[in-house]
Amino acid sequence: MSNLQSEHPEMKTGRDEIKDHIDFDYEKMKSENAELLQHHIAKLTELSLGDPGLVACLRALFDIYAHKYELYGDLLDLEAALKCGHAVISEMTEGDVDLPFMHQNLGGTHGNKYERTGDLDHLELAIMHFLSAVNVTPEGDSRIPGMLHALGGSYGDMHKMTGDLKYLDFAINNFLAALNKTQEGDPSLPDLYLNLGGSYVDKFQRIGELDDLETAIKHFVAAKDVAPQGHPCLPSTYINLGAANHDRYRRTEDLYDLELAVEYTLTAVKITAEDDSHLPGLHKNLGATYDERYKRLGQSEDLELAVKYYQTAINATPEGHPNLSGIYHSLGSAYSGRYRNTGSLKDLDTALDYFLTAVNTIPEGHPEIPGIHQNLGASYLDRYRRVGSLEDLDMSIKYFLLALKGTSEGHPTLPGMYHNLGSAYEDRFQKNGHVEDQQMATEYLLEAINSTPVGHPSLPGIHHSVGFSYANRYNRTGNFQDLEIAIKNILAAVAATPEGHPNLPGMHQTLGASYNDRYRRTGDINNLESAIKCFITALHATPEGHPNRPGIYHGLGGSYHDRHRRFGDLQDMEMAIEYLLLAINGTPQDHPILFGMYHHLGVSYHMRYTRNGELEDLEIAMKYFLQAIQSSPEGHKNKPSVHQNIGSSYAERYRRVGNQADLDAALQYFSLAIDATSEGHPSLPGMYHNLGSSYGDKYKRSGDPENLETAIKYCLVAVDTTTETHPDMPQWQSGLAELHILRYHISKDLSDLNRSYKLYMSALRSQTAPPQILWDISVQLSSHTDSFTTSQVLEGYIAAFNILPSLLWLGSSLRDRHATLVIKDVSNLITRAVSTALQVSDIQLAATFLEQGMATTHKQTLQLRDDHAMLQAKFPKLFQQLFNASEKLQVTSHKDDSSVNYHILAYERQQLISSIREQKGFEKFLLPPSYAKLCVAAKHGPVIMLSCNEMQTDIIAILSTSAPPVHLCLLDVKSSVVAVYMEELKSSLNSFRIHSREIRHGGPARFNRMPGKQLEYVVSWLWTSIVKPIFNLLNENGITNGRVWWCPSGPFTYLPLHAAAPLDSPFIQSYTPTLETLIQANLKHTSMRVHDIMAAVGVVQTSTTIGSLNALPSVERELSTVAAIFGKQSTRLKDSQATKENVLQAIQSSSWLHLACHGHQNLADPLTSGLMLFDGRLELGQILDLKLSNAKFVYLSACETAMGDPELMNEAMHLAGGFLVAGFQGAIGTLWSMADAHGPRVAEIVYKEIFAEGDAPNVINAAYGLHLAIQKLRTEGIPIYQWMPFIHLGV
């Protein structure tokens, strides 16, 4: 005891000092203990030191004053109790049985003084007395667990005051020692478990070891389980269970932990009395759990509950209370979360107000200060991103730095602080472009990763930010390695984030943007498809109305724009504009992100202008570019890109309209863009190219050679600063090539011409440029007939035809491919290419050009269905891969099916074909066939190819497989002349209202007048000017009769060449869309051995549900005729049996097909042309999807079944052509209307001829049968417009 007394002066006391205090306090005493207190005071005055009754008297006074303090909280009573307690101990002798008890009580009293005043000296005294109590108590004494429990509590307080971890370990060790010595059922067990759990929570929060948190929860659960109903520790137990499960959720992100946190905290609130001082803290905790659940699940009702409970906590907490700042902090966090949900600036400003209030009301040195600074920094950063004020960004960095400064080394919150600080520096770099800011960003973000344990739930977010930072660095420097690091980190973030996590959509969005950047750099379509997939994933996971949706729309629109630029898919362009408009409409008008959205929408409208030439689209593009400039903050890093693009729009409008002011504006904006762009920036070459091109325009306008030299100088910079493999390099090269040609025309210096040609050829060798760009370059090269030699021009055409399959990308819908054919004016290029080849008498090359440009989309479909027998025999694995890819594309090539990524399918198939071409013997696999292979089409008779241009019509007659092709030039048959006769034909047909199968009652029911001379005039011209010279050519080459196939192109696909032949013509005429179509049909005919089954389909009257169509009474007789000729081998489907489903099944199970019904050609959308069955239209698109391996012959006894689209004359977009693509060897169809009454007669003659050789039908005889039927009609004097529509196609 003497040692303890000497260590602290308050241990020494005297009777007089005690009496002084007692005298002071006596008058104030008005309790039930007043008489007892008076008695002991009086007695104290009678006793002297050493008196045996003195200790008992002092103990009684100690108990009375301690009780008084508990009742009234008067600090003077606490002081009196302490003096009495110390006096008691000083009078007690060693070994006194009450000494342990007195030390224990005096330690508790010093603990009360510490709690009241915060004076650390009293906490130290409490620990000393608790230790003394333990030390002087005999082993096994039942009081020891309580002493150890109290000692552990004081050590825990000492840890909280000093931060010294050794005290926390002392606390846990003493609690554990107490627990080991406490009997089961002891009433102190719930509190002991509760305090032990609390110490493990403190350790977890300090060190971050999840095992400590698990142990804490285990002890809290034990406290709950051993506490009887109504035990006073239960509210605290549930509070701590809720908080600990909340902490565990933050660490593991297991949603079950969060649900437990909500459940336990709600229970704590329910069992806590209304007037309990702990209730505001409980409300705060409950708000925090709802806040966390909102962040995880995104349900706004959770956020509203969080705000409600935080507000309740504030209302119930008196002003000046030390807990108030923490509640303000939490309420600020909730409003910050609500801002992220609603995008409302009011919520963000409210959050900032509460955070600032929290900072201003919290005591200096409080451990929560760094967390408040952290959230203040985050909210200032949010407001910067919303409003764009640099002041907010600077405040954000200031508070993040304060948070970091106030946090001790090794604290588990440090990685998050590094993370936020790195993100803020990254934003400031984006704002002002200072490299030191980006260096700081990278440094802090990497520190965040390095200081975060593996598996920690915050690690994915840090990886995401690191990836975002490196992506921004790539956009500044163009260093490809930065982009790779970005993608690697973002992928790591995505992989480590659980499905449904609210941060996952943002990660997918950032990953999509980086994949898009990589596509733009490498041209690898897989990256572009990955980008679109990521943006769509982000969109689907982001609820409607969420403020992040506009940003996702923005990214998705940009990716669709890039895909349109690559493949020319019109739907992609429309999707780009649609998503970018959604982005703008969903973004507040004062939001700084609008700048980029306006910019990219302008780029998409500009792209649409370049596709369709509509000046309105260019004007809209310029409007959005100007809005982007107006909405951009001064010095924005992307402003040069907008200047470049608006300059391009002015340049385009100048080229379209010729206004000098537009050219001047273009030059001004291009110069602004270059001046504001740092050296080495990846956009700089494009800016130089555009500036050079506009100086080229200025030269063309002014004729000043100085402008031309300036143009060449800038365009040369663009070429010299771009890598050979860059997708834009061909554009820069072709632009420079054009300028060299201009200079050649001035100087006649052949070096300019040679340089130009080399640049063109280098551009056309690109493996990364979009096919649309390469096509335009090849067309550009081939147009320079006044500069380059014919052989050099032919190189341009050869390149164009090699690019054509990629231009008509299999990954695009058939409608888009057809639109591309029209927009790129492919038919005109074909005629020019053929004419150029014939100028050097290369008839074979001309024939090859013509074949490559004809029915391109049909050939693509046939190519998908090729059996590739040689490949299968030699490389079965490659064959199977190709087969699988082609099989899938057969379905998607004619349909818009969003469930299948047909772009990737087509890309992978193309990659596979490239691999096959690397194998020996397959170097030319699926390349356009040579003339030697194409001439096989003339195996059974000559094929006549026709091509018309503005100067002449060229006839290429492929006479046989061995004879060289013959060229016939018809100088009088120019395209302008052909156009006149086409209009005559259309006018004649329109005047007769010829467009459907009609009933005849002594004449054409719907014709208002008899056919005049107009139609005969057209046919007469065809004979005189075209057919007769061709027949003469055949006669001159020894071909005087037999089969002849017309293979027309351009307007000749619309003209009835077969009808021009005289009645006694010895030639049996057929048509073929292409040479390959005929070759494939002949191969199939010679190799197929199948059972002959006829499906005869007829619709006299369609269902009333699909509209009113005239009845076709002759169909009944026609079906009977066909069935009688085929006998038992035929199946009939008539009227209600002839449904779409039944007919499709019959088509696939039969080898012969006869369809007698109404037909319809839809010129606006050829794929919807079709045959009118009982319950609706069997469309061309459906027919093209069929793959009929057993098909032989189809007879289309309906109108307009062989009439193509005038816009797509070379594509054979009609029903008969569709059936040939589907697999039929031969077909009979009609160019226009047919008379209903002629159906049975023509069909009977045809089918009888088909069976002319015996019981087995022969497809080849169909052409002879139709020839005989037409001769019969003509002999009988049937009008020309009634027999002329029938044509034969195929073998």
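- A donor-acceptor contact shorter than 3.5 Å is absent between the side chain of Y339 and the backbone of K346.
- Residues that satisfy the side-chain hydrogen bond (donor to acceptor under 3.5 Å, both in side chains) test with H464, not counting sequence neighbours, are T510.
- Between the CD1 atom in I593 and the OG1 atom in T587 there is a gap of 6.5 Å [rounded to 0.5 Å].
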Show the atom names and distances, to 0.1 Å, of all donor-acceptor pairs under 3.5 Å that link a side chain in residues 157-166 to residues at least two apart or in another chain.
unit_1: T162; atom_1: OG1; unit_2: M158; atom_2: O; d: 2.8
unit_1: T162; atom_1: OG1; unit_2: D164; atom_2: N; d: 3.2
unit_1: D164; atom_1: OD1; unit_2: K166; atom_2: N; d: 3.1

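- For R385 and D427, the salt-bridge test passes: some basic side-chain N is under 4.0 Å from an acidic carboxylate O.
- Atom OG1 in T497 sits 3.5 Å away from atom CE in M507 (nearest 0.5 Å).
- Taking the side chain as every heavy atom from C-beta outward, L348 and S379 approach each other to under 4.5 Å.
- Ring centroids of Y200 and H219 are separated by less than 6.0 Å, placing the two rings close together.
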Would you please test Y444 and L404 for side chain to side chain contact (heavy atoms under 4.5 Å, CB included) and show each step? CA-CA 11 Å; Y444 279 118; L404 191 62; 3.9 Å; yes

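- Of all the heavy atoms in L381 and A424, the pair that sits closest is CD1-CA, 4.0 Å.
- Side-chain contact between N240 and V201 is absent, with no heavy-atom pair separated by less than 4.5 Å.
- Applying the 6.0 Å contact sphere to CD of E391 captures no more than 12 heavy atoms from other residues, nucleotides or ligands.
- The shortest heavy-atom contact between A334 and L303 is O-CD1, 3.4 Å.
- L258 has its side chain out of reach of N245: every pair of non-hydrogen atoms, C-beta onward, lies at least 4.5 Å apart.
- Listed by first then second residue, pairs satisfying salt bridge (charged side-chain N to carboxylate O under 4.0 Å, His left out) with a partner in residues 246-262 read E214-R248, D247-R250, R248-D257, R250-E292, E259-R293, not counting sequence neighbours.
- Counting heavy atoms from C-beta on, the side chains of L279 and T312 never come closer than 4.5 Å.
- Shortest non-hydrogen contact noted between T442 and S469 is OG1-OG, 4.0 Å.
- The backbone N or O of L286 sits less than 3.5 Å from a side-chain atom of T289, completing a donor-acceptor pair.
- Residues passing the side-chain hydrogen bond (donor to acceptor under 3.5 Å, both in side chains) test with H419, sequence neighbours excluded: S465.
- Residues T413 and M417 are in side-chain contact: their nearest non-hydrogen atoms beyond the backbone lie under 4.5 Å apart.
- No donor-acceptor distance shorter than 3.5 angstrom exists from the side chain of D291 to the backbone of G287, with no hydrogens or angles considered.
- Scored by the salt bridge (Lys or Arg N to Asp or Glu O under 4.0 Å) test, D211 finds no partners at all (sequence neighbours excluded).
- Side-chain atoms of T357 come within 3.5 Å of backbone N or O of D353 as a donor-acceptor pair.
- Smallest separation of non-hydrogen atoms from S325 and I362: OG-CG1, 3.4 Å.
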Before giving the answer on side chain to side chain contact (heavy atoms under 4.5 Å, CB included), spell out for L179 and L189 the whole-Å C-alpha distance, their side-chain angles and the decisive distance to 0.1 Å. CA-CA 8 Å; L179 188 63; L189 267 179; 3.6 Å; yes

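- The salt bridge (Lys or Arg N to Asp or Glu O under 4.0 Å) test applied to D349 returns R383, not counting sequence neighbours.
- In terms of heavy-atom proximity, S408 sits nearest to L414 at O-CD1, 3.6 Å.
- Within a 6.0 Å radius of CZ in F204, more than 12 heavy atoms belonging to other residues, nucleotides or ligands are found.
- When side chains are defined from C-beta on, L324 does not count as touching T361, because their heavy atoms never get closer than 4.5 Å.
- Remark: K224 pairs with no residue by the salt bridge (Lys or Arg N to Asp or Glu O under 4.0 Å) rule, at least two apart or across chains.
- In this structure, the side chains of L75 and K113 come closer than 4.5 Å at one or more pairs of heavy atoms.
- Contacts of Y264 classified as side-chain hydrogen bond (donor to acceptor under 3.5 Å, both in side chains), with partners at least two apart in sequence or in another chain: none.
- In this structure, OG1 in T542 is found 9.0 Å from OH in Y553, a value given to the nearest 0.5 Å.
- For the atom pair CG of D121 and OH of Y114, the computed distance is 12.0 Å after rounding to the nearest 0.5 Å.
- Checking N472 against E426 by side-chain atom types alone, a donor-acceptor pair falls below 3.5 Å.
- Distance check: L282 CG to I239 CD1 gives 3.5 Å after rounding to the nearest 0.5 Å.
- The closest side-chain heavy-atom distance from S458 to I462 is below 4.5 Å.
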Could you go step by step and tell me if I449 and N489 meet the side chain to side chain contact (heavy atoms under 4.5 Å, CB included) rule? CA-CA 11 Å; I449 286 181; N489 274 279; 3.9 Å; yes

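- With sequence neighbours excluded, the residues that form a salt bridge (Lys or Arg N to Asp or Glu O under 4.0 Å) with D437 are R428.
- How far CG of L445 is from OG of S423: 5.5 Å, rounded to the nearest 0.5 Å.
- A distance-only check finds a donor-acceptor pair linking the side chain of T267 to the backbone of E263 [under 3.5 Å].
- Taking the ring centroids of H329 and F355, they lie under the 6.0 Å cut-off.
- Within the structure, salt bridge (charged side-chain N to carboxylate O under 4.0 Å, His left out) contacts touching residues 304-322 (residues at least two apart or in different chains) are E304-R338.
- Legend: residues meeting side-chain hydrogen bond (donor to acceptor under 3.5 Å, both in side chains) with N420, ordered by chain and number and at least two apart, are absent.
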Go through the steps to decide whether R386 and D590 satisfy the test salt bridge (Lys or Arg N to Asp or Glu O under 4.0 Å), and finish with yes or no. CA-CA 8 Å; R386 176 67 169 75; D590 59 345; 2.9 Å; yes

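- Every residue two or more places apart in sequence or in another chain that forms a ring-ring contact (aromatic ring centres under 6.0 Å, His included) with F170 is listed here: Y155.
- K203 has a carboxylate O that lies under 4.0 Å from a charged side-chain N of D169, or vice versa, which qualifies the two as a salt bridge.
- Heavy atoms only, all atoms of each residue included: A171 and S199 are closest at CB-OG, 4.2 Å.
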